[in-house]
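Structure first, commentary second.
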Amino acid sequence: MPELPEVETVKRGLEGRIVGKTVVKVDFDWPKGFPNAPGDVEAFLLGASITQIQRRGKALIIEISTGYALVIHLKMTGQLVFVAANQSDRFGAGHPNESLVAKLPDTSTRVVLDFSDGSKLYFNDQRKFGWMRLMPILAVEDLPFFQKLGPEPMASSTTNAMLRARFTNRKNSMIKAALLDQSVLAGVGNIYADEALWGAKIHPRTRVGQLSDSELNTLFTELRSIMEQAIASGGSTDKNYVNADGQKGSYLQIARVFRREGQLCKRCQTTIEKIRIVSRGTHICSACQKERL
DNA sequence: CACTTGACCTGTCCGC
DNA sequence: TGCGGACAGGTCAAGT
């Protein structure tokens, strides 16, 4: 389930691997995942080169020399995996990714881009929730998804005061629902919502209006800190997520509550519980994160 | 408008 | 062993 740290990790991986490369072939057989007008691929992608890669929220924007861009959302099980021309150089016998690369393309492969140097980029998506779309760069920001998207939590221009104002617009929501709402704040998903709430000692069912300014500030500080650590760990791999080299992220090895139900709270040794809030699996320490009525 | 819930998908796991 | 059902969770549409 790629959230901001996972998508950022993919973005950084792709920057060093596909920028400057020329696309010579595109294979896809899945209209819902690549819903483009006939002819777009030939006119605006083939023969063109990758110029830069951006991330906004959980979406990636791969810009192309034709003034078009590939906009990609990995949703829950999407992967973007780069494979060099000579696989054995990078994924030879004994390499941790040998088995993964050996089976690409697999049954989850939706799109394959071939570059002129023989390398390839695979877009895999087991559950088909993700999408990839070719469109003019100038039209990207007009997509409803980007129109509604809230500010970037890690940007220096995003202040606590600004975030407090956005959250308190949703004062009757549970804080976890507000954190997951991409129109309030971009990039937070189930993993880092639980991790940040534990860090700030806030029960996820608390209504936004019940939180003081200082509690909200602590929550935002925790969120930034957690996301920074997650990026440094290459993101979180629960099942599907891998980076641009096909490697897993290691954040869950240092996670405090997520997927730690039944284990002890690292702060107070109480057993971590898994409950259900806003239809999502939610991990809490009921001693550190007291529910208020 | 604020807020919640179900649908979209497929692979996996659990109980029978 | 096989099978039904619950579960995983990002976003959007539709509901209250």
Side-chain angles (χ1 to χ4, degrees), chain A residues 1-10 29-35 55-61 71-80 100 103 105-111 123-133 140 142-150 152-153 165-197 204-211 227 230 235-242 248-249 251-252 255 257-262 273-284:
Chain A
M1 48 209 114
E3 305 180 25
L4 187 154
E6 289 74 33
V7 179
E8 179 66 23
T9 302
V10 171
D29 58 357
W30 187 50
K32 181 170 169 290
F34 202 140
R55 178 193 60 75
R56 184 78 174 86
K58 302 173 190 172
L60 279 172
I61 303 158
V71 185
I72 302 167
H73 201 301
L74 301 174
K75 290 288 182 84
M76 258 110 71
T77 56
Q79 305 174 329
L80 282 172
L100 172 70
K103 66 181 184 185
D106 63 20
T107 54
S108 75
T109 298
R110 310 294 167 206
V111 183
F123 174 43
N124 306 320
D125 185 15
Q126 180 183 96
R127 285 172 70 180
K128 300 184 180 174
F129 285 7
W131 45 265
M132 174 182 284
R133 192 170 159 196
V140 171
D142 292 330
L143 284 176
F145 176 83
F146 291 106
Q147 283 283 311
K148 291 184 308 185
L149 206 54
E152 290 289 326
R166 300 184 72 89
F167 273 75
T168 49
N169 270 341
R170 300 280 309 266
K171 60 185 167 63
N172 292 320
S173 285
M174 289 181 272
I175 184 63
K176 175 147 181 178
L179 276 170
L180 293 176
D181 186 337
Q182 303 299 294
S183 71
V184 175
L185 176 65
V188 182
N190 209 36
I191 299 173
Y192 303 107
D194 283 6
E195 290 289 291
L197 286 166
R205 219 156 5 218
T206 312
R207 303 283 158 175
V208 173
Q210 295 178 290
L211 293 166
M227 287 197 159
S236 295
T237 296
D238 184 21
K239 281 173 145 305
N240 287 273
Y241 168 73
V242 293
K248 298 177 176 186
Y251 176 80
L252 290 187
V257 283
F258 193 83
R259 283 294 133 78
R260 292 193 71 244
E261 61 268 29
E273 300 169 34
K274 183 173 180 183
I275 58 179
R276 204 152 180 88
I277 296 179
V278 291
S279 308
R280 295 291 174 256
T282 301
H283 309 75
I284 59 162

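Computed from heavy atoms alone, side chains included, the values below leave out hydrogens, waters and symmetry copies. No experiment lies behind these values; they were computed from the predicted model shown. A, B, ... follow the sequence lines: proteins, then strands. Residue 1 opens every chain.
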- Task: Provide, to the nearest angstrom, the distance between the CE atom belonging to A:Met132 and the P atom belonging to C:dT11.
- Result: 17 Å

- Note on the structure: From CD of A:Gln126 across to C1' of B:dC13 the rounded distance in Å is 14 Å

- Query: To the nearest 0.5 Å, what is the distance between CG (A:Leu180) and CD1 (A:Ile277)?
  - Reply: 10.5 Å

- Message: In this structure, how many angstroms lie between the C1' atom of B:dT10 and the CG atom of A:Asp238, rounded?
- Response: 15 Å

- Query: Atom CZ of A:Arg127 and atom P of B:dC8: how far apart are they, to the nearest Å?
  - Reply: 13 Å

- Could you state the interatomic distance from NZ (A:Lys75) to CD (A:Gln126), rounded to the nearest 0.5 Å? 15.5 Å

- Message: side-chain hydrogen bond (donor to acceptor under 3.5 Å, both in side chains), that's the test. Do A:Asn124 and A:Thr109 meet it? Break it down for me.
- Response: CA-CA 4 Å; A:Asn124 306 320; A:Thr109 298; 2.7 Å; yes

- Message: Between P on B:dG6 and CZ on A:Arg276, what's the gap in Å once rounded to a whole number?
- Response: 11 Å

- Message: On the nucleotide C:dT11, are OP1 or OP2 found under 4.0 Å from the side-chain N or O atoms that A:Lys148 carries?
- Response: no

- Message: Quick check for you: to the nearest 0.5 Å, what is the distance between A:Leu80 atom CG and A:Leu74 atom CG?
- Response: 5.0 Å

- P gap between C:dA14 and B:dC9, integer Å: 15 Å

- How long is the gap from CE on A:Met227 to CG on A:Leu4, to the nearest 0.5 Å? 5.0 Å

- Query: Closest to the A:Arg280 side chain: B:dT10, C:dG10, C:dC12?
  - Reply: C:dG10

- Message: Nearest whole Å is fine: how far is C:dT11 P from A:Leu179 CG?
- Response: 14 Å

- Message: On the nucleotide C:dT11, are OP1 or OP2 found under 4.0 Å from the side-chain N or O atoms that A:Gln182 carries?
- Response: yes

- Query: Under the criterion side chain to side chain contact (heavy atoms under 4.5 Å, CB included), which of A:Glu3, A:Glu6, A:Lys248, A:Gln79 is the partner of A:Tyr241?
  - Reply: A:Glu6

- Name the closest nucleotide to the A:Arg207 side chain, picking from B:dT4, B:dT10, C:dG10. B:dT4

- Query: Please give, in whole Å, the distance from C:dG10 P to A:Lys239 NZ?
  - Reply: 15 Å

- Salt bridge check: are A:Arg56 and A:Glu152 linked by an N-O gap of less than 4.0 Å? yes

- Would you say A:His73 reaches C:dT11's phosphate, i.e. side-chain N/O to OP1/OP2 under 4.0 Å? yes

- Euclidean distance, atom CD of residue A:Glu261 to atom P of C:dC7 [Å, nearest integer]: 13 Å

- Compare side-chain N and O positions of A:Lys128 against OP1 and OP2 of C:dG10 and report whether any pair is under 4.0 Å apart. no

- Item | Sorted by number, the residues of residues 165-177 of chain A with heavy-atom contact under 4.0 Å to DNA chain B | A:Asn169, A:Arg170, A:Lys171, A:Asn172, A:Ser173

- Query: With respect to the side chain of A:Arg259, which nucleotide from C:dA8, B:dT12, C:dT11 is positioned closest?
  - Reply: C:dA8

